[in-house]
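This report refers to the structure that appears directly beneath it.
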Amino acid sequence: MIQIAVVVLSILLVVIGVKGFTPSGLQLSQKTTLKGRTGKIVGTICIAFGIGLIPLFLLMFVKYSSWLGG
């Protein structure tokens, strides 16, 4: 179950990160939007964390599979 949550979190972080590279920017609150360089920096950080969760997912998957199998 936690593997699904990690995958969903990873996908959401990448989607949020990509939003930082759009001309409309990354919506931070109702009145604040990160556009330009700041949006790209925050977007890059989100994408890096999203991609960084993939090895964690694989590790959890291997542990869970070995626990069920043996």
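Reckoned from all heavy atoms, side chains included, excluding hydrogens, waters and symmetry mates. Throughout, numbering of the chain's residues begins at 1 and tracks the sequence. Please read all numbers here as calculations on a predicted model, not as lab measurements.
- When the side chains of ILVMFWY residues are joined at heavy-atom separations under 4.5 Å, either directly or via intervening members, V15 and L9 end up in a single hydrophobic cluster.
- To the nearest 0.5 Å, atoms CG (L13) and CD1 (I45) are separated by 11.5 Å.
- By the criterion of side-chain heavy atoms lying less than 4.5 angstrom apart, applied directly or through intervening Ile, Leu, Val, Met, Phe, Trp or Tyr residues, V7 is grouped together with L56 in one hydrophobic cluster.
- Residue L53 comes nearest to V6 through the heavy atom pair O-CG1, 3.8 Å, listed as atom of the first residue, atom of the second, then distance.
- Annotation for F49: atom CZ does not count as buried by contact number, only 12 or fewer foreign heavy atoms lying within 6.0 Å.
- To the nearest 0.5 Å, atoms CG (L26) and OG1 (T32) are separated by 11.0 Å.
- V14 and I11 sit in two unconnected hydrophobic clusters of ILVMFWY residues. Membership requires side-chain heavy atoms under 4.5 Å apart, directly or through other members.
- Annotation for C46 and I16: closest pair SG-CG2, 4.0 Å, computed over non-hydrogen atoms.
- We find the OG1-NZ distance between T22 and K40 to be 10.0 Å, quoted to the nearest 0.5 Å.
- Under a hydrophobic-cluster definition in which Ile, Leu, Val, Met, Phe, Trp and Tyr are linked whenever side-chain heavy atoms come within less than 4.5 Å, directly or via other members, L12 and V42 are assigned to different clusters.
- When atom types are taken as modelled, the side chain of S10 and the backbone of G50 share a donor-acceptor pair closer than 3.5 angstrom.
- Atom-to-atom distance recorded for L28:CG and T38:OG1 is 10.0 Å, nearest 0.5 angstrom.
- Put simply, NZ on K19 and OG1 on T33 are 8.5 Å apart, with the number rounded to the nearest 0.5 Å.
- Looking only at atom types and distance, the side chain of S24 has no donor-acceptor partner in the side chain of K35 under 3.5 Å away.
- You'll find the side chain of F57 stays beyond 4.5 Å of the side chain of I4, heavy atoms only.
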